[in-house]
Visitor: 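This is the structure I want to talk about, given as C-alpha cells.
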Amino acid sequence: MHVLILGGTTEARRLAEALTTGHPGGRVTSSLAGRVARPLLPAGEVRTGGFGGADGLARALRELQVDALIDATHPFAGTISFHAAQAAATAHVPLLALRRPGWVPAPGDDWHGVASLEEAARRLPTLGRRAFLTVGRLGLAAFAGVRDVFCVVRSVDAPEPPLPPRSQVLLARGPFTVEGERAVLREYGIDVLVTKDSGGEATAAKLVAAREAGIPVVVVERPAVPEGVTGVGSVAEVEEWVRAIGR
C-alpha cells in the first residue's frame with residue numbers, strides 16, 4: 001500500500017514516522033513544497049516541489065500508484081488543499097485531511113479575529129505601535145503599507161520584499177518557549193501580536209506571553225477544509241483510516 005502525504009508540518013512528520021514504523025511492508029512518500037531552505041525531513045521517501053496544479057497531482061497519483069492521499073499541509077496552505085481534493089476525485093484515490101486543532105482563547109486573552117492578512121494589516125495601527133508579526137514570510141506583503149507601526153518579523157528563512165517599511169527580521173524556527181517569547185516582547189517593547197490560527201503547540205507560547213503581558217492579539221482565522229473532504233485532528237485517526245483502507 002502506497003500512502004502519499006502532502007506535508008512539511010510537524011503533524012506530517014509525525015504521521016510519516018508512525019506509518020513507516022507501524023505499518024511494515026507499506027510505502028510512505030512525503031511531498032514537500034520546497035519553500036523552506038533546510039526543511040526537517042520526515043521518515044520514508046521524500047519528494048520536493050510542486051506537481052503542476054490539480055491535473056499534475058492527479059497524474060502523479062496514477063503514476064506513483066498511490067492508494068491513499070493525506071493532506072497534512074499547513075492549515076493556511078489553501079491552494080494545495082483544493083488541488084488535492086480535485087486530484088483525488090479525478091484519480092479516484094481516497095483523501096483525508098489532517099488538521100491540527102485551532103487555538104481557543106483563554107481567560108485574560110484579548111483576541112481580535114480577522115478573516116485575512118489584509119484585514120489584520122488594516123486593524124494593526126488601531127491596536128498598537130510595536131507589532132510582533134508571526135504570519136510567515138509569504139504573508140508579509142499584506143503589511144507593506146503599514147507605516148505607523150514598527151514591526152518585528154519572525155521567519156524561518158529570510159523574507160523577500162515587500163516588507164513593512166519600519167521592520168526588523170528575526171530568523172528562528174520553533175518550537176518556542178514561553179520564557180523565550182516573554183523575552184522577545186520585553187526586548188522589542190511589543191504592544192500587539194499578529195498571528196494566524198495555525199494551532200498546535202510549537203508556536204502557542206507567544207499566546208501565553210501576550211496574555212501575561214496584557215497585549216492584544218490579532219488572529220487571522222483559518223480557511224475551511226474543502227467541501228466534501230473529511231478532516232481529522234490527530235495522527236492516530238489517520239492511522240486508523242489507513243488501516244481501514246488496507247483491509
Side-chain angles (χ1 to χ4, degrees), residues 3-20 22-23 28-36 39-40 42-44 46 50-51 54 57 61 66-89 93-106 109 111 113-117 120 134-139 156 173-176 194-207 217-245:
V3 178
L4 176 61
I5 302 171
L6 305 178
T9 60
T10 300
E11 291 74 22
R13 290 192 296 274
R14 290 173 179 168
L15 177 60
E17 178 69 24
L19 294 179
T20 301
H23 301 266
V28 178
T29 301
S30 295
S31 178
L32 309 181
R35 292 175 177 171
V36 176
L40 300 176
V46 178
F51 291 94
L57 178 53
L61 293 177
V66 173
D67 300 295
L69 176 63
I70 300 167
D71 175 12
T73 56
H74 192 278
F76 284 84
T79 300
I80 183 60
S81 293
F82 282 95
H83 287 173
Q86 296 171 26
V93 173
L95 168 65
L96 186 70
L98 172 60
R99 290 289 185 271
R100 67 186 75 155
W103 289 319
V104 177
D109 280 329
W111 285 15
V114 296
S116 66
L117 290 169
T134 61
V135 297
R137 64 186 177 90
L138 299 180
V156 176
R173 185 197 299 268
F176 301 102
V194 183
T195 185
K196 296 188 290 189
D197 181 16
S198 302
E201 299 177 358
T203 59
K206 61 192 172 188
L207 301 175
V217 181
V218 181
V219 180
V220 182
E221 299 159 355
R222 61 172 59 179
V225 172
E227 185 176 355
V229 176
T230 299
V232 298
S234 70
V235 168
E237 290 174 284
V238 179
E239 286 190 275
E240 179 57 35
W241 180 79
V242 170
R243 280 194 292 267
I245 292 177

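Here the structure is a predicted model, which is why all the values come from computation and not from measurement. Residue numbers count from 1 along this sequence.
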Visitor: If we only count heavy atoms from C-beta on, is the L4 to V93 side-chain gap below 4.5 Å?
Guide: no
Visitor: Quick one: does W103's side chain have a donor or acceptor within less than 3.5 Å of a partner on G200's backbone?
Guide: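 Present.
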Visitor: How far does CG of L117 sit from CZ of F76, to the nearest 0.5 angstrom?
Guide: 7.5 Å
Visitor: Could you measure the distance from the CG atom of D67 to the CD1 atom of I245? Nearest 0.5 Å is fine.
Guide: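 These two atoms lie 8.5 Å from each other.
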Visitor: Between atom CG of L96 and atom CG of L15, what is the distance when rounded to the nearest 0.5 Å?
Guide: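 Result: 9.0 Å between the selected atoms.
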Visitor: Between F51 and L61, is any pair of side-chain heavy atoms under 4.5 Å apart?
Guide: no
Visitor: With no hydrogens and no angle check, is any side-chain donor or acceptor of T134 less than 3.5 Å from a backbone partner on V194?
Guide: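 Checking the backbone N and O of V194 against the side chain of T134, a donor-acceptor pair under 3.5 Å is found.
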Visitor: Are T10 and R14 close enough that some pair of their side-chain heavy atoms sits under 4.5 Å apart?
Guide: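 The answer is yes, as the side chains (C-beta and beyond) meet within the 4.5 Å cut-off.
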Visitor: State whether E240 and R243 are salt-bridged, where the test is any N-O pair (Lys NZ or Arg NE/NH1/NH2 against Asp/Glu carboxylate O) under 4.0 Å.
Guide: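 The answer is yes: the pair qualifies as a salt bridge.
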Visitor: Does the side chain of L95 come within less than 4.5 Å of D71's, by heavy atoms?
Guide: yes
Visitor: Between atom CZ of R13 and atom CD1 of I5, what is the distance when rounded to the nearest 0.5 Å?
Guide: 11.5 Å
Visitor: Would you say R100 and T9 make side-chain contact, with heavy atoms under 4.5 Å?
Guide: yes
Visitor: Counting only heavy atoms not in E237 (residues, nucleotides, ligands), do more than 12 fall under 6.0 Å from its CD?
Guide: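 It does: E237 CD has more than 12 such atoms within range.
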Visitor: Enter the distance from I70:CD1 to W241:CH2 here, rounded to the nearest 0.5 Å.
Guide: 5.5 Å
Visitor: Donor-acceptor pair, R222 side chain versus D197 backbone, under 3.5 Å?
Guide: yes
Visitor: For the CD1 atom of I80 and the CG atom of L6, what is their distance to the nearest 0.5 Å?
Guide: 5.5 Å
